[in-house]
Structure formats: C-alpha cells, structure tokens
Amino acid sequence: MRIATYNVNGINARLPRLLEWLEEARPDVACLQELKADGEKIPIQAITDAGYGAIWHGQKGFNGVAILARGEQPVERRRGLPDDPDETHSRYIEAEVGGVVVASIYLPNGNPQPGPKFDYKLAWMERLIDHAASLLVEEKPVVLAGDYNVTPRDIDTFSVLAMADDALTQPESRAALRRLLHQGWTDAIRARHPEPAPLYTFWDYQAGAWPRDAGFRIDHLLLSPQAADRLVDANVDKAVRGREKASDHAPTWVELR
DNA sequence: ATGTCGAGCAAAGCTCGA
C-alpha cells in the first residue's frame with residue numbers, strides 16, 4: 001500500500017501534473033496540500049475520472065487539504081484539529097482507507113518570525129501534538145502525512161546560514177516536531193534513509209533554488225508503531241519537481257506491507 | 001533570502017501568501 005503526500009500549490013494550476021503523477025506513480029492514497037480552492041473550484045470530475053475517490057477540506061485562495069484513494073472513497077474521520085480557535089484555516093483532514101488512518105496536514109509556514117504568524121504555527125503544532133497522542137491510543141496503523149513546514153535537522157536544509165531566521169528551521173519549530181516524534185512516531189524517510197543525505201522535498205521558485213539544488217526536507221510521513229511495523233520503503237519523487245509548471249514541492253511517499 | 005509562482009479582485013496590475 002503506497003501512501004503519498006504532495007503539496008500541489010494550487011490544484012487547478014497543477015491539475016495536468018497531478019493527473020500525470022497519479023497515472024505513473026499510482027499511489028493508493030494521495031494526501032494533497034495547498035489546494036487553494038474549494039467548492040465548485042475543486043476539479044472533482046478529473047480526479048474521479050483518474051480513478052480516485054476524494055474528500056477535502058478546501059478554502060478559497062489559500063490552504064486546503066485533500067485525501068484521495070485509488071478505487072475507493074476515503075471514510076472521513078475529522079476535518080480540522082480539536083480545540084482550534086480559528087476555524088478559517090483549512091489545514092487538516094483525516095480519514096480511514098483500507099484499515100489505515102491517514103491525515104493530510106498543511107502545517108502553518110510561520111514566517112516572518114518572530115511575530116503572530118510564528119505564534120500561530122507553534123500553537124497549531126501544540127494542537128497537532130495533542131491530537132496525535134489521542135491517535136496513538138487507538139493502536140492502529142496511522143500515517144500523518146503532509147507539509148510540516150519544519151526541517152527536522154540542519155541536514156534537511158541546503159544552508160543553515162541562509163535559513164537562520166526562517167520559521168522552518170527555528171529551534172522552537174524543531175523542538176515541537178521532536179516532541180511529536182517522541183510520542184512514538186517514525187519519520188519514514190529517515191527510517192529508510194538513515195545516511196546523512198539531504199532528500200529534499202521542496203525547492204523555492206525563487207533565486208534558482210531548483211537548478212542549484214537549494215532545497216529543504218519539510219514534507220514528512222510520520223508512522224504510528226503499527227504502521228512502522230509495515231514500512232518497506234519510502235522516498236521522494238524528485239523528478240516531478242523538474243517538470244514544466246511544477247509545484248515547488250515533490251511528492252513524497254511510503255510503501256506499507 | 002529574493003532572481004517566482006498562484007490566486008483574488010476585477011478587468012491589469014497590484015496584494016497577499018508562500
């Protein structure tokens with residue numbers, strides 16, 4: 001069972017690339033972020049025609065997350081995190097597919113920092129940590145997939161110096177991610193690629209980031225112990241980033257037994 | 001670390017968010 005996460009950066013702008021990737025990678029589950037669309041603007045017919053059932057938590061213009069399942073309809077469990085005081089951001093949706101609980105997460109970017117956006121990011125991470133703890137209690141295979149907007153370690157960014165003031169690399173962001181991991185989640189990419197290789201998932205459109213491989217590893221798939229037991233592979237579909245009209249993120253995936 | 005995008009608003013080019 002292959003479960004992927006892909007920040008599409010506009011589902012309509014990206015539709016040809018998304019359909020092409022679904023056709024060639026054939027993920028069983030695809031967690032999408034940054035739909036930047038809702039309602040009538042979600043190209044549901046094209047997704048259905050590609051053979052996928054879908055649920056989404058959309059939003060006009062910004063944010064927006066979805067879960068696609070090949071040949072079936074994901075069974076929605078929740079949208080939004082518990083106790084969220086600001087329901088205007090569509091950043092979390094959770095479903096069960098084929099006996100696995102899957103979440104599609106678009107964690108706040110948090111720039112500029114310090115400031116209210118960074119405070120919002122850290123508060124959002126606290127709510128995610130609380131909810132994740134409740135998921136572990138179920139003792140099921142769970143995959144928390146998405147754009148976390150956090151580089152776990154220095155190796156996960158092309159330049160520690162250039163990123164020194166960035167919300168994605170701040171000690172507070174990393175400490176919050178570690179507290180989540182320390183509950184008992186496995187960072188699937190690191191579990192399969194323990195060598196200190198970058199395995200970036202995002203390259204900015206600006207400043208020639210892609211041609212000079214100036215990326216970050218910020219898209220993660222965190223596995224509950226029951227999911228980690230079944231982990232056989234994980235990787236990044238890096239070539240997708242190099243295509244015409246590409247998203248600034250590459251699809252990232254796990255294969256579970 | 002700013003050389004770029006995507007979307008909204010409103011009808012082209014600015015603003016915002018990344």
Side-chain angles (χ1 to χ4, degrees), chain A residues 5-21 31-44 46-47 56-66 84 86-92 104-125 128 145-151 154 156-174 177 198 200-220 238-252:
Chain A
T5 179
Y6 185 19
N7 179 323
V8 293
N9 188 18
I11 195 167
N12 288 299
R14 211 65 55 219
L15 191 58
R17 285 287 87 84
L18 173 63
L19 296 174
E20 172 185 72
W21 169 74
C31 298
L32 308 181
Q33 301 86 34
E34 279 205 90
L35 306 180
K36 299 186 175 181
D38 197 12
E40 303 293 301
K41 295 288 186 68
I42 301 286
I44 186 60
I47 291 167
W56 58 89
H57 190 198
Q59 183 175 342
K60 182 177 172 181
F62 308 105
N63 305 323
V65 289
D84 193 339
D86 181 359
E87 299 284 355
T88 63
H89 292 237
S90 298
R91 298 181 176 275
Y92 186 92
S104 182
I105 293 170
Y106 180 46
L107 206 144
N109 175 295
N111 280 305
Q113 89 61 50
K117 291 189 175 182
F118 190 58
D119 295 342
Y120 178 75
K121 175 182 195 149
L122 296 178
W124 203 94
M125 292 186 83
L128 177 61
D147 175 1
Y148 282 72
N149 271 315
V150 178
T151 58
D154 285 351
D156 300 309
T157 170
F158 73 99
S159 168
V160 174
L161 186 63
M163 289 291 106
D165 295 324
D166 197 285
L168 279 58
T169 69
Q170 289 311 294
E172 297 94 330
S173 310
R174 288 179 173 177
L177 181 60
Y200 300 142
T201 66
F202 165 87
W203 297 258
D204 203 303
Y205 288 124
Q206 300 183 68
W210 170 249
R212 62 196 179 93
D213 198 28
F216 315 128
R217 190 173 75 91
I218 55 175
D219 298 273
H220 308 303
K238 184 174 179 178
V240 171
R241 175 63 181 85
R243 293 178 179 169
E244 286 298 310
K245 296 279 286 175
S247 169
D248 40 7
H249 294 252
T252 306

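Just so we're on the same page: letters track the sequence lines, and every chain starts at 1.
On the C1' atoms, B:dA10 is 23 Å away from B:dT4, given to the nearest whole Å. B:dA7 and B:dA12: their C1' atoms are spaced 15 Å apart (whole Å). If you take atom P in B:dC5 and the same atom in B:dA11, they sit 26 Å apart, rounded to whole Å. Across B:dA1 and B:dG6, the matching P atoms stand 23 Å from one another, rounded to whole Å. A gap of 28 Å separates the P atoms of B:dG3 and B:dC9, to the nearest Å. Comparing the C1' positions of B:dT2 and B:dA18 gives an interatomic distance of 12 Å, to the nearest angstrom.
When distances are taken from the side chain of A:K245 to each of B:dC9, B:dG6, B:dA7, the shortest belongs to B:dG6. Among the nucleotides B:dG6, B:dA1, B:dC9, the one closest to the side chain of A:F216 is B:dA1. Checked against B:dA1, B:dG8, B:dG6, the side chain of A:K60 finds its nearest nucleotide in B:dG8.
Considering OG of A:S104 and OH of A:Y6, their distance stands at 13.5 Å, rounded to 0.5 Å. A distance of 8.0 Å separates CD of A:Q33 from NE2 of A:H249, quoted to the nearest 0.5 Å. Atom-to-atom distance recorded for A:D166:CG and A:N111:CG is 4.0 Å, nearest 0.5 angstrom.
Heavy atoms of A:A13 sit under 4.0 angstrom from primed sugar atoms or phosphate atoms, though from no base atom.
Mapping A:I11 and A:F158 onto DNA chain B by nearest heavy atom places A:F158 at the nucleotide closer to the 5' end.
Residue A:L35 contributes atom CG, which lies 12 Å from atom P of B:dG8 at whole-angstrom precision. In this structure, the CD atom of A:E244 is 14 Å from the C1' atom of B:dC5, given to the nearest Å. A straight line from NZ of A:K41 to C1' of B:dG8 spans 9 Å, rounded to a whole angstrom.
Applying the side chain to side chain donor-acceptor pair (under 3.5 Å) criterion to A:K121, with sequence neighbours excluded, gives no partner residue.
In this structure, A:D248 and A:W210 have side chains that are not in contact, with every pair of non-hydrogen atoms separated by 4.5 Å or more.
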Can you check nucleotides 11-18 of chain B for protein contacts, nitrogen or oxygen pairs under 3.5 Å, and list what you find?
unit_1: B:dG17; atom_1: OP2; unit_2: A:K117; atom_2: NZ; d: 3.4

Test log, rule side chain to side chain contact (heavy atoms under 4.5 Å, CB included), inputs A:L32 and A:W56: CA-CA 9 Å; A:L32 308 181; A:W56 58 89; over 6 Å; no

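Residue-environment remark: CD (A:E40) stays at or below the threshold of 12 foreign heavy atoms within 6.0 Å.
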